[in-house]
Amino acid sequence: MQRDNGSGDATPGSPSPTHGGRLRHRKRSSEVHPDVNKSNGANLLAYDKNKYKSMLVRTYSSLWMMAGFVFLIYMGHLYIWAMVVVIQIFMAKELFNLLRKVNEDRQLPGFRMLNWHFFFTAMLFTYGRFLSRQLVNTVTSDKLLYKLVSGLIKYQMFICYFLYIAGFVWFIVTLKKKAYKYQFSQYAWTHMILLTHALMNCFNNNTDANALLEGFLLPASLIAINDVAAYFFGFFFGKTPLIKLSPKKTWEGFIGASVTTMLSAFVLANFMGHFQWLTCPRKDLSTGWLHCDPGPMFMPASYDLPGWIPQWFSWRQVAIMPVQWHALALGLFASIIAPFGGFFASGFKRAFKFKDFGDSIPGHGGFTDRMDCQMVMAVFVYIYYQSFVMVQDLSVETILEQVLRSLTYEEQHDLFEQLGKLLARRN
């Protein structure tokens, strides 16, 4: 009777047949056999249907983004600046919502509006500075509008400072006793978001300072190529983990993406360097077609091939643009250093225990998830251009910009007359 009613006669430490059967059944239904893990552990990703579905969603959304990006490139500089502004607004929205607490916000009416006040004040400050020349060149035909724009540019820094101080006073006045910690943490977080906004502005600064190709299109394309190549190389060949912050990143993906990015940089710079739409700088806010003589960056130079090249190879010289050598430097940075912007974002997300910054882009997360490496690249391109590409000597364009920004209409007219008299005396 005892044997029929229970498991009391079973050997101590050994599970009952019923219990053991349940364990084996669970193992078969939800776990992978140990032998399979040993033989196929690194390749299980390729056989996971969910991963393939995720890859397809990511691919479709990437194709749509590429199509939109190409369309904006075709439309020109003004539309690219507008695209960067829209991306900045979406990024700010995602970052503002990260540390938002609904209960505290309900007790602080208007506090969320204060964050946007600081953000748009920063937008006015940065865009007012680098768009001043384009604004002046655009409205020169209308005297009244020209005076208005010139006055706004002249006092733009004071206006932005006054707006910031107004926000600062607004913040102090709205402090509540039981919400001090939350309010000051939000104040600090808002200023960190303004820092990312400043990094994003390097995109438009690059586009304003030089041609569309070298300042924006090529660097942004290299980051996208590196990201796509790392994803596919890691998807099909990844075995060795690269960094603990991103377990899915592998050495195979990193190396494959680096080689692909370097080759793409050299080839793309040559291909895109033949289009005036990409190599001519924009002087105003118009959207018409651009025509200019090729700058020194886009003038090909001939290089003799070494003597060990086989005789059957017909080419004895190759033509290489200077921008291609600079493209190699950009490709090296995009493949080696820029990915650490993504690693930083991964660590940040792990620290606050969330997967993505948003869900605006299917398969990719939010706009911030896509722009982490781009921000690092934009700053590097700006500094690289200022250090190694831009000619430091004064030019007629630079002097004219200072005249338009600093002098009133009457002072400019007076300068014109005095300059005419000096030239007449010389003749």
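In this text the structure is predicted, and so the values were computed from the model without any measurement.
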Look at the rings of His191 and Tyr164 and say which category their plane angle falls in: under 30° parallel, 30 to 60° tilted, over 60° perpendicular.
-> perpendicular
Do the non-hydrogen side-chain atoms of Phe367 and Val86 ever get within less than 4.5 Å of each other?
-> no
Hey, is the main chain of Leu407 close enough, under 3.5 Å, to the side chain of Gln412 for a donor-acceptor pair?
-> yes
Over all heavy atoms of both residues, which pair between Leu245 and Phe343 is shortest? Give the atoms and the distance, please.
-> CD1-O, 3.6 Å
When you look at Leu415 and Val403, which way does the side chain to side chain contact (heavy atoms under 4.5 Å, CB included) test go after all the steps?
-> CA-CA 9 Å; Leu415 175 64; Val403 169; 3.9 Å; yes
Less than 6.0 Å separating the ring centroids of Phe119 and His197?
-> yes
Near-ring test Phe184/Phe171, centroid separation under 6.0 angstrom = yes
Separation between CD of Gln186 and CZ of Arg112, rounded to the nearest 0.5 Å = 5.0 Å
Report yes if the side chains of Met123 and Gln88 come closer than 4.5 Å at any heavy-atom pair, otherwise no.
-> yes
Any side-chain heavy atom of Phe380 within less than 4.5 Å of one from Ile337?
-> no
From Ile320 CD1 over to Phe266 CZ, what is the distance, rounded to the nearest 0.5 angstrom?
-> 4.0 Å
Gap separating the OG atom of Ser264 from the CG atom of Leu218, nearest 0.5 angstrom | 10.0 Å
Which heavy atom in Ala230 sits nearest to a heavy atom in Ala257, and how many Å separate them?
-> N-CB, 3.4 Å
Ser61 side chain to Pro362 backbone, donor-acceptor under 3.5 Å = yes
Does the side chain of Leu328 come within less than 4.5 Å of Trp325's, by heavy atoms?
-> yes
Check Ser258 against Asn226 and note the closest heavy-atom contact, atom names and distance.
-> N-ND2, 4.1 Å
Modelled atom types, side-chain donor and acceptor of Thr190 and Asn115, under 3.5 Å = yes
Plane angle bin for Phe416 and His413 - parallel if under 30°, tilted between 30 and 60°, otherwise perpendicular = tilted
Supply the atom-to-atom distance Lys93 NZ to Ser360 OG, rounded to the nearest 0.5 angstrom.
-> 7.0 Å
Over 60° means perpendicular and under 30° means parallel, so classify the ring planes of Tyr384 and Phe388, tilted if in between.
-> tilted
Can you tell me how far OG of Ser387 sits from OH of Tyr382, rounded to the nearest 0.5 angstrom?
-> 10.0 Å
Donor-acceptor pair, side chain of Gln324 and main chain of Val267, under 3.5 angstrom | no
Please tell me if the side chains of Met83 and Phe69 come closer than 4.5 Å, counting only heavy atoms from C-beta onward.
-> yes
Are Gln156 and Phe125 close enough, and set up right, to give a side chain to side chain contact (heavy atoms under 4.5 Å, CB included), and what steps lead you there?
-> CA-CA 7 Å; Gln156 178 249 355; Phe125 177 76; 4.1 Å; yes
Does the Asp369 side chain pair with the main chain of Gly366, one donor and one acceptor, at a distance under 3.5 Å?
-> yes
When you measure from the side chain of Arg58 to the backbone N and O of His364, does any donor-acceptor pair fall under 3.5 Å?
-> no
Could you please spell out the steps behind the side chain to side chain contact (heavy atoms under 4.5 Å, CB included) verdict for Phe118 and Thr121?
-> CA-CA 5 Å; Phe118 283 122; Thr121 298; 5.6 Å; no
More than 12 non-hydrogen atoms from neighbouring residues, nucleotides or ligands closer than 6.0 Å to CZ on Phe71, yes or no?
-> no
Nearest heavy-atom neighbours spanning Thr174 and Leu108 | O-CD2, 4.4 Å
Describe, in one word, how the ring planes of Phe348 and Trp189 are oriented to each other, choosing from parallel (under 30°), tilted (30 to 60°) and perpendicular (over 60°).
-> parallel
Note: Arg370-Asp356 ion pair, threshold 4.0 Å (strictly below) = no
Is it true that Tyr127 and Trp81 have ring centroids separated by less than 6.0 Å?
-> no
Exam field: side chain Gln317 to backbone Leu305, donor-acceptor pair closer than 3.5 Å = no
Proximity of Tyr385 and His326 rings by center, below 6.0 Å = no
Assess whether side chain to side chain contact (heavy atoms under 4.5 Å, CB included) is satisfied between Thr368 and Phe90, documenting all intermediate values.
-> CA-CA 8 Å; Thr368 310; Phe90 272 96; over 6 Å; no
Taking the side chain as C-beta and beyond, is there a heavy-atom pair between Leu278 and Ile73 under 4.5 Å?
-> yes
dist Tyr79:OH -> Leu72:CG (nearest 0.5 Å) comes out at 9.5 Å
Answer whether the closest heavy-atom distance between the side chains of Val381 and Phe216 falls below 4.5 Å.
-> no
Stepwise side chain to side chain donor-acceptor pair (under 3.5 Å) check, Thr240 with Thr250 = CA-CA 5 Å; Thr240 311; Thr250 62; over 6 Å; no
Shortest non-hydrogen contact between Thr261 and Ala334, atoms and distance = CG2-CB, 4.2 Å
So do Met113 and Trp170 actually touch side chain to side chain, heavy atoms under 4.5 Å?
-> yes
Ring centres of Tyr155 and Phe158 under 6.0 Å apart?
-> no
Heavy-atom closest pair, residues Leu163 and His117 = O-NE2, 2.7 Å
Count the heavy atoms belonging to other residues, nucleotides or ligands that lie under 6.0 Å from CG of Asp414, then report whether that count exceeds 12.
-> yes
Neighbour count >12 (heavy atoms, 6.0 Å) for atom CE, Met66 = no
Count the heavy atoms belonging to other residues, nucleotides or ligands that lie under 6.0 Å from CZ of Phe344, then report whether that count exceeds 12.
-> no
